[in-house]
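Since the structure is predicted, the reported quantities are computational estimates derived from the model, not experimental observations. As the structure lists them, so they are numbered: ligands from 1, and atoms in each ligand from 1. Numbers here simply count residues along the sequence, with the first being 1.
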Amino acid sequence: MTAPRLEIDLVAITHNTSTLVDRLRPKGIRVTGVSKATLGSPGVAAAMLRGGVTSLGDSRVENLARLRSSGIAVPLTLIRSPMLSQVDLVVRSADVSLNTEAVVLDALSAAAIRQHTTHAVVVMVELGDLREGVAAADIVDLARTVGRRPGLRLAGLGTNLACQCGVVPDKRKMDELSRLAEQVERTPGHKLSVVSGGNSANLNWALTTDDVGRIDELRLGESILLGTEPLHRRPIDGLRTDAFTLVAEVIETKAKPAQPWGEIAQAAYGVQPPRRDTGTVRQAILAVGRQDVDPDGITPPPGIVALGMSSDHLVVDVGDHGVSVGDELTFRLDYSALVRAMTSPFVTKAERSALPRVREPAHPLDASA
Ligand SMILES: *Cc1c(COP(=O)(O)O)cnc(C)c1O
């Protein structure tokens, strides 16, 4: 098989999804599976659906279009505010979008009317993380704006924390979202069908709080894909952290002096920290680089230490491992490394599923025979 490649274990993704869905169900919280780190992979989306998500979300309308054309039938949500220049595509590819700007709502409504449909809107509240969101004081007004647009339907409220500034989605923040939802619902005709509390960073709150108020949905990506929670980047109990593996091929192995020689200036990506080792290092070069993956987000196998990465080369100290040219080494990835690997055209994506393949009849006539 070609390298570098990203091996994707769909069984692990289904396991993580169903574990989280089962834990959140008693709280009255459903899960939107967020596929953005996988470029909207239909295989990953199907694995999430097998695990029990009720809808799918992605930040890129192109990824939603890919999911839509793969025949996925559940509601699709655009989880980044739509670009004004893409409203027609958004209405075509997404059932729902998260919104904060009246001018975009006007354009979405006009696009929906042009397409003889209605588009559902979740209005996002700013609760302190300082990324997307409308001030709490302006929420009722913007919800009314949605209600007055003929092409739009007000689906609900949402918020997003822990992305820009690391603000923790705790009980205070979630209670405020519930309070705002109740305030919006005081307007006749404004019954909200979703109150979307946030992302994987909300899991600790959701799973340790008895009364989750009006919150009835979370949008989960990282926890499903990597089995980690983003507040402290710790593994979540009972989830698999091995759904994604980066495989790279060795192109050189040599014993080299531990210290470089000559006058030292910048390396390809800036000043390198001085090397501590002395003597000789058993060094290998792998054909993978910063064009493929974030060097700070990969974990080599035990006993192997990454020494540095340039655009196309990863240099490792292989220690006592017997590593030869042509061998493959595998690495774990964090979210940043995963996103970079998924978006690199040089990295082959290999989705593995233990489920038996559906055997199709050789010819349509055979099926009816
Ligand atoms: C990325 C994103 C999510 C999912 O976040 P995870 O931490 O991967 O669960 C949810 N909502 C919004 C608005 C996002 O941008």
(request) Can you pull out the closest protein heavy atom to atom 13 (C) of ligand 1? Residue, atom name and distance to 0.1 Å, please. (result) I79 O, 3.4 Å

(request) Identify the two heavy atoms, one from K171 and one from D211, that lie closest to each other, and give their separation to 0.1 Å. (result) NZ-O, 4.4 Å

(message) As an exercise, identify every atom of ligand 1 less than 4.0 angstrom from a heavy atom of R131.
(response) 13 (C), 14 (C), 15 (O)

(message) Tell me whether ligand 1 is touched by E229 - counting only heavy atoms on the residue side and a distance under 4.0 Å.
(response) no

(request) Please confirm whether M124 comes under 4.0 Å of ligand 1, counting heavy atoms of the residue only. (result) no

(request) Please determine, by modelled atom types, if S344 and Q291 share a side-chain donor-acceptor pair under 3.5 angstrom. (result) no

(message) Under a 4.0 angstrom heavy-atom cut-off, which atoms of ligand 1 come close to L220?
(response) 9 (O)

(request) Just need the protein heavy atom nearest to atom 5 (O) of ligand 1, so name the residue and atom and give the distance. (result) N199 CB, 3.2 Å

(message) I need the atoms of ligand 1 closer than 4.0 Å to a non-hydrogen atom of E132, numbered in the order shown.
(response) 13 (C)

(request) Taking atom types as modelled, find out whether T245 and E7 have a side-chain donor-acceptor pair closer than 3.5 angstrom. (result) no

(request) Quick one: look up the protein heavy atom nearest atom 9 (O) of ligand 1 and list residue, atom name and how far away it is. (result) S200 OG, 2.5 Å

(message) Under a plain distance cut-off of 3.5 Å, with no hydrogens placed, do S41 and E351 share a side-chain donor-acceptor pair?
(response) yes

(message) Looking only at distances, can you tell me whether any N or O atom of E222, backbone or side chain, sits closer than 3.5 Å to an N or O atom of ligand 1?
(response) yes

(message) Is there a polar contact, in the sense of an N or O pair closer than 3.5 Å, between R219 and ligand 1?
(response) yes

(message) Just to verify, what does T19 make a side chain to side chain contact (heavy atoms under 4.5 Å, CB included) with, not counting sequence neighbours?
(response) H15, R23, L239

(request) Enumerate the atoms of ligand 1 whose separation from the nearest heavy atom of K36 is less than 4.0 angstrom. (result) 1 (C), 2 (C), 3 (C), 14 (C), 15 (O)

(request) Answer yes when E182 and R179 have at least one side-chain N-carboxylate O distance shorter than 4.0 Å, and no when they do not. (result) no

(request) Can you pull out the closest protein heavy atom to atom 12 (C) of ligand 1? Residue, atom name and distance to 0.1 Å, please. (result) N160 OD1, 3.4 Å

(request) Give yes if a backbone or side-chain nitrogen or oxygen of G221 is under 3.5 Å from a nitrogen or oxygen of ligand 1, and no if not. (result) yes

(request) Can you see which heavy atom on V339 is nearest to which on A37, and at what distance? (result) CG2-CB, 4.0 Å

(message) Is it the case that atom CZ in R60 sees more than 12 heavy atoms from other parts of the structure closer than 6.0 Å?
(response) no

(message) Under a 4.0 Å threshold between the charged nitrogen and the carboxylate oxygen, would D58 count as salt-bridged to R66?
(response) no

